[in-house]
2 protein chains.
Amino acid sequence: MPSSQPKATVTSFPDLSASVGGRIRDLRTQHGISLTALAVATRLGKGTLSELERGQRNPTLDTLFAIATALSVPLGDLLLTESSDLVRGRPHGAHVHGQSIDAELIGRWTESAEVVEVYRMTVFRGRRKSRSHTQGVVESITVVSGEIAVGVSDDPAHLISGQSHTFLADQDHFYEGLVHRSSTVLVMRYPMTPETAGEHGE
Amino acid sequence: MPSSQPKATVTSFPDLSASVGGRIRDLRTQHGISLTALAVATRLGKGTLSELERGQRNPTLDTLFAIATALSVPLGDLLLTESSDLVRGRPHGAHVHGQSIDAELIGRWTESAEVVEVYRMTVFRGRRKSRSHTQGVVESITVVSGEIAVGVSDDPAHLISGQSHTFLADQDHFYEGLVHRSSTVLVMRYPMTPETAGEHGE
DNA sequence: CTCCTCTGTTCTGTTTACAGAACGATTATG
DNA sequence: CATAATCGTTCTGTAAACAGAACAGAGGAG
């Protein structure tokens with residue numbers, strides 16, 4: 001028996017709690033709900049959530065599960081901060097967070113003189129405006145689940161699960177979640193520029 | 001302590017703790033190490049692990065992390081019960097070759113009770129028939145470049161760059177390239193089955 | 001301006017997860 | 001058969017996660 005163990009209370013990483021807490025806060029604000037509302041939904045104490053989001057707590061499994069359920073995300077998503085999911089070892093996986101959207105790059109290649117990028121994009125309730133990108137950007141979005149409005153301001157489309165829409169994104173456009181959470185796949189296509197030309201050699 | 005209060009320490013699901021505990025016990029025995037050895041490795045109490053594996057505890061994030069580290073699995077893997085999320089260990093780049101098509105899996109996750117898979121699919125000139133898959137498979141295809149005909153035999157669609165089509169793939173369908181080479185993104189969605197839910201290599 | 005409602009924070013007491021020791025149950029070793 | 005390992009379980013005191021109330025700041029309505 002290695003009796004010389006100091007109790008030490010290693011507390012593993014203070015930043016683990018902090019990172020999980022930050023992720024929870026991000027998800028909550030993306031859903032546009034207040035801390036009090038989340039407390040009601042999860043049947044957790046308000047103060048508990050406050051300290052938890054600030055990384056000053058070491059939450060239990062039950063607590064994490066209650067939060068994940070209320071935020072409609074799988075339990076693992078609360079823990080996937082940085083370290084875990086880069087095990088995939090791909091340069092992909094870059095996350096883009098934004099007003100009411102959360103996108104992950106899952107594929108990227110070049111096609112003739114164009115760059116093609118595929119995102120798994122989650123759209124939360126609310127509207128996200130997007131300025132024009134590079135000249136000649138074409139976006140195709142397919143709704144996996146949920147319901148969204150999307151497209152250029154003049155001619156938007158209303159999409160439900162299984163429907164798609166393609167539009168020119170080199171003008172002002174928007175993504176608007178019409179339910180709590182919608183899952184989509186976004187294909188973005190734009191002309192290869194000198195900078196993007198040399199990237200990511202096949 | 002028969003707390004007659006309705007608050008009752010909701011404890012969400014007793015089976016959640018039990019399921020996570022069981023998973024830990026499985027992993028530990030798979031590693032061929034004893035409970036005492038794991039206690040040393042994790043710097044956790046022996047009794048703590050015992051009760052935890054039997055589902056009589058509600059472990060904290062720190063505890064889970066310590067165990068995951070000692071067992072060399074990502075943290076999320078301890079929580080993968082039925083509502084598994086990101087399917088890892090399934091490296092991207094799995095290729096599917098077939099008559100006149102060539103598909104690469106670039107994304108896969110679960111959405112509610114469905115599995116979503118995203119493929120970068122290249123369609124060459126010619127026709128490829130596909131038998132019905134599992135019940136309830138929905139496919140959405142977006143053409144990035146080229147020109148194809150696709151869908152169920154009764155009601156096919158003719159697509160050019162930027163267009164999409166969604167159809168039920170649990171019946172006979174086909175992909176037909178109308179030019180030398182067409183680039184597409186295919187989103188496939190099907191109900192989660194016990195096998196796809198989470199497999200435990202016994 | 002005052003009042004009101006909302007935000008998120010910090011405070012108290014209770015419940016409980018935890019470490020570590022004591023326990024019993026099983027299998028080796030002579 | 002003894003007895004000595006180690007296995008996993010159950011016990012006991014302490015630190016902390018939790019619920020809920022009291023608190024403080026920021027807008028909004030009148």
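Below, chain A is the first sequence line, B the second, and so on; all start at residue 1.
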field: Taking every non-hydrogen atom, the tightest pair across Leu44(A) and Leu49(A)
entry: CD1-CD2, 4.0 Å

Please list, for nucleotides 9-13 of chain D, all pairs of protein and nucleotide N/O atoms separated by less than 3.5 Å.
| residue | atom | partner | partner atom | Å |
| --- | --- | --- | --- | --- |
| dT9(D) | OP1 | Arg54(B) | NH1 | 3.3 |
| dT9(D) | OP2 | Arg25(B) | NH2 | 3.2 |
| dT9(D) | OP2 | Ser50(B) | OG | 2.5 |
| dT9(D) | O5' | Ser50(B) | OG | 3.4 |

- prompt: On DNA chain D, nearest-nucleotide positions of Thr36(B) versus Gly45(A): which is more 5'?
  reply: Thr36(B)

- prompt: What integer distance in Å separates Leu61(B):CG from dA17(C):P?
  reply: 15 Å

- prompt: Does Thr60(A) have a side-chain nitrogen or oxygen under 4.0 Å from the phosphate oxygens OP1 or OP2 of dC18(D)?
  reply: yes

- prompt: What's the CD1-C1' distance between Ile33(B) and dG8(D), to the nearest Å?
  reply: 14 Å

- request: For salt bridge (charged side-chain N to carboxylate O under 4.0 Å, His left out), just list the numbers for Glu53(A) and Arg28(A), CA-CA rounded to whole Å, side-chain angles, deciding distance to a tenth of an Å, and then say yes or no.
  value: CA-CA 10 Å; Glu53(A) 289 186 350; Arg28(A) 177 175 63 80; 2.7 Å; yes

statement: Output field dot_bracket for DNA chain C (Watson-Crick or G-U, both distances under 3.5 Å, | for other-strand pairs) contains |||||.|||||||||||||||||.||||||

For Arg181(B), all residues meeting salt bridge (Lys or Arg N to Asp or Glu O under 4.0 Å), sequence neighbours excluded: Glu111(A)

Partners meeting ring pair (Phe, Tyr, Trp, His ring centres under 6.0 Å) with Phe167(A) (sequence neighbours left out): His165(A), His173(A)

- prompt: In Å and rounded to the nearest 0.5 Å, what is the CH2 to CD distance from Trp109(A) to Glu114(A)?
  reply: 11.5 Å

- prompt: For Glu51(B), what residues pass the salt bridge (Lys or Arg N to Asp or Glu O under 4.0 Å) criterion, not counting sequence neighbours?
  reply: Arg57(B)

- request: With rounding to the nearest 0.5 Å, note down the distance linking CE in Met121(A) to OG in Ser183(A).
  value: 9.5 Å

message: Between Ile148(B) and Ile141(B), is the side-chain contact (heavy atoms from CB on, under 4.5 Å) condition met? List the steps.
response: CA-CA 10 Å; Ile148(B) 66 170; Ile141(B) 189 167; 3.8 Å; yes

- prompt: Which whole-number value in Å describes the distance from Leu38(B) CG to dG8(D) C1'?
  reply: 13 Å

message: At less than 4.0 Å, is any side-chain N or O atom of Arg28(A) found next to OP1 or OP2 of dG8(C)? Yes or no.
response: yes

Output a table of donor-acceptor pairs, distance under 3.5 Å, between side-chain atoms of residues 152-159 of chain B and any protein atom two or more places apart or on a different chain; print 'none' if there are none.
| residue | atom | partner | partner atom | Å |
| --- | --- | --- | --- | --- |
| His158(B) | NE2 | Glu147(B) | OE2 | 2.7 |

- request: Take the protein atom CZ of Arg43(A) and the nucleotide atom P of dC18(D), then report the distance between them rounded to whole Å.
  value: 17 Å

message: Side chain of Leu44(B) only, heavy atoms from C-beta on: which candidate in dA19(C), dC18(D), dG8(D) is closest?
response: dA19(C)

